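Since the structure comes first, as structure tokens, the remarks are kept for the end.
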Amino acid sequence: MSDVPWLTLLWAVPAVGAAIILTLPPRMRQHVKWIALGTSAVVLAISIGLAIGFDTGGEQFQFVESKSWIPAFGARYALGIDGIALALVILTAVLLPLLLIAGWNDADADRRRAAHRYVALMLLVEAMVMISFTALDILLFYIFFEAMLIPMYFLIAGFGGPRDAGERTRAAMKFLLYNLAGGLVMLAAVIGLYVVTTDHGSGTFDFRVIVEAISSGSLDIDPTVAKALFLGFMFAFAVKAPLWPLHTWLPDAAVQATPAGAVLMMAVVDKVGTFAMLRYCVQLFPDATRYFTPLIIILAVVGIVYGAILAIGQTDMMRLIAYTSISHFGFIILGIFALTSQGQAGSTLYMVNHGIATAALMLIAGFLVTRRGTRNIADYGGVQKVAPIMAGTFLVAGLATLSLPGLGPFVSEFLVLIGTYSRYPVAAICATIALVLAALYVLWMFQRIMTGPVTKGNEQIGDLGRRELMVVTPLIALLLVLGIYPKPILDVIDPAVGHTLTVIHEPDPTPAVAEPDGGGPR
């Protein structure tokens with residue numbers, strides 16, 4: 001496999017597929033959905049091949065490709081994956097075909113919309129996310145970190161579900177402006193980091209070279225400069241993630257996008273932010289990370305509780321689900337900055353499980369909204385009597401969202417809390433409040449929508465069809481498998497997490513043990 005540029009193919013296949021779809025003559029555009037689905041299936045096959053060929057006991061970065069890109073700046077076209085990136089690559093590759101199937105008719109609801117543009121934008125987002133997860137050159141990462149905003153903007157503004165085009169445009173513009181502002185701050189930090197490497201030798205954007213120089217002590221960044229650079233990177237990633245209080249663009253964008261577009265944004269695009277915190281913020285600026293960790297831990301806990309409380313008060317089904325994601329992103333960020341192997345492994349696993357659980361819940365809710373024509377929870381009631389399969393799968397997805405034992409998110413949330421408690425017990429205890437709140441907002445939503453007598457207007461709601469079951473069944477199966485047997489994915493993640501903590505010289509806290517004579521811990 002080493003002679004084939006697999007990581008280039010990983011992003012080039014969807015990019016080329018999008019280009020082909022956009023250039024097809026009108027008479028052939030009836031096939032664009034199948035072309036997009038076939039393209040995403042090829043990407044999935046490549047990602048499975050990467051997973052099979054990945055050696056958990058081998059080099060940190062594997063399938064590495066490195067070519068000179070901009071010699072004058074020391075920038076390289078450098079790609080490689082570790083276990084953390086591989087887990088997110090697999091998540092992206094699995095979700096895209098399901099999202100294309102789920103949104104099969106999204107662009108057909110309005111004749112002014114063009115299906116070929118819709119599926120091409122989906123593939124472009126996939127391509128840019130893939131290169132962001134695999135980039136080993138910081139400048140290369142930055143370019144695609146920002147570029148993915150453009151197709152995502154058009155997916156929200158041009159193909160959103162609600163008929164009010166003005167609302168869609170405002171939500172899309174808010175999404176774009178927030179993330180562009182974060183990106184501009186990050187650009188200043190990227191340039192600053194390059195200047196620092198130039199002052200200590202030849203300038204470079206190579207992530208591996210910079211991390212090795214910092215870890216060995218050959219690149220000694222002034223503490224004040226390091227803190228400023230850290231904040232530049234962290235601000236951009238906190239907007240993308242999003243971290244409270246930089247989250248306000250997410251609920252509007254999630255509501256105005258189609259369900260498939262909202263899942264693409266929350267389950268895939270936003271994961272680039274949390275992934276980048278773990279890779280770039282923590283490893284490039286270890287001392288600054290330690291300095292700002294208490295503040296970030298506080299913001300993460302506030303986001304966890306805040307998102308859960310606001311979810312309880314929502315009357316819009318899709319907005320409620322969006323606020324649950326704000327709470328869950330708080331858990332992910334909490335685990336990253338706990339700086340423990342359990343916390344960071346749990347966070348990475350949480351990124352995967354959150355993507356699957358949110359996809360299941362949001363898509364089933366979208367299928368329901370499409371049938372009934374309203375997102376208002378009060379308009380529903382008794383749906384389980386007319387659509388029992390939909391109600392059952394909605395319940396499983398909701399229980400996964402509240403981290404019920406036996407479903408995927410429980411394992412990751414448990415690891416995050418255990419890993420956090422070993423360093424920040426008060427933060428971990430406060431975060432557990434969200435477990436009770438999650439049960440409240442999920443079960444109350446299910447009760448109002450699915451149980452009781454059939455509300456007038458719901459009699460004709462049909463159950464999940466064959467196409468919809470093709471989407472929901474794999475997601476529910478993955479939640480069950482990862483909840484019962486997460487070991488294979490943790491075996492991939494753990495070595496990468498261990499390497500991260502080794503690089504920043506941050507060992508796990510030594511657990512307290514009892515004295516042999518039964519005395520207190522020592």
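In this text, all values refer to a predicted model and were calculated from it rather than measured experimentally.
Both the sub-6.0 Å distance and the 45° axial angle are not jointly satisfied by Arg448 relative to the ring of Tyr380. Figure legend: Lys227 and Phe292 shown without cation-pi pairing, the cationic atom not lying both under 6.0 angstrom from the six-membered ring centre and within 45 degrees of its axis.
The closest side-chain donor-acceptor pair between Tyr194 and Thr204, if any, does not fall under 3.5 angstrom. Between Gln344 and Thr500, the side chains place no donor N or O within less than 3.5 Å of an acceptor N or O (distance only, hydrogens not considered). A donor and an acceptor atom, one from each side chain of Tyr323 and His247, are nowhere located under 3.5 Å apart.
Residues Tyr153 and Ala172 approach most closely at CD1-O, 3.4 Å, considering heavy atoms.
Within the 3.5 Å criterion, the main-chain N or O of Ala345 finds no donor-acceptor partner in the side chain of Tyr350. At least one donor-acceptor pair closer than 3.5 Å links the side chain of Gln314 to the backbone N or O of Leu310. Arg375 places no side-chain N or O within donor-acceptor distance of the main-chain N or O of Val369, the cut-off being under 3.5 Å. Between the side chain of Arg319 and the backbone N or O of Thr315 there is no donor-acceptor pair closer than 3.5 Å. In this structure, the side chain of Ser347 engages the main chain of Ile336 through a donor-acceptor pair within 3.5 Å. Between the side chain of Thr374 and the backbone N or O of Asp379, no donor-acceptor pair lies under 3.5 Å. One N or O on the side chain of Glu65 and one on the backbone of Leu7 form a donor-acceptor pair closer than 3.5 Å. Thr358 places no side-chain N or O within 3.5 Å of a backbone atom of Gly355 that could act as its donor or acceptor partner. A donor-acceptor pair under 3.5 Å is absent between the side-chain atoms of Trp104 and the main chain of Lys33, judged by distance alone. Side chain of Asn353 to main chain of Gly408: a donor-acceptor pair is present (N/O by atom type, distance under 3.5 Å, no hydrogens or angles).
Using a 4.5 Å heavy-atom threshold, the side chains of Leu363 and Leu475 count as touching.
Salt-bridge formation is not detected for the pair Arg76/Asp137: no Lys NZ or Arg NE/NH1/NH2 atom is positioned less than 4.0 Å from an Asp or Glu carboxylate oxygen.
Crowding of Phe154 atom CZ: a count of heavy atoms from other residues, nucleotides or ligands under 6.0 Å not exceeding 12.
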message: For Glu468 and Arg371: C-alpha separation, side-chain torsions, deciding distance, then whether salt bridge (charged side-chain N to carboxylate O under 4.0 Å, His left out) applies.
response: CA-CA 12 Å; Glu468 294 160 335; Arg371 286 162 166 73; 2.7 Å; yes

- request: With side-chain contact (heavy atoms from CB on, under 4.5 Å) as the test, would you mind laying out the steps for Phe133 and Leu86 before giving the verdict?
  value: CA-CA 8 Å; Phe133 285 144; Leu86 178 61; over 6 Å; no

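Under the 30°/60° scheme for interplanar angles, the aromatic rings of Phe141 and Tyr280 are found to be tilted.
Centroid-to-centroid, the aromatic rings of Phe63 and Trp6 stay 6.0 Å apart or farther.
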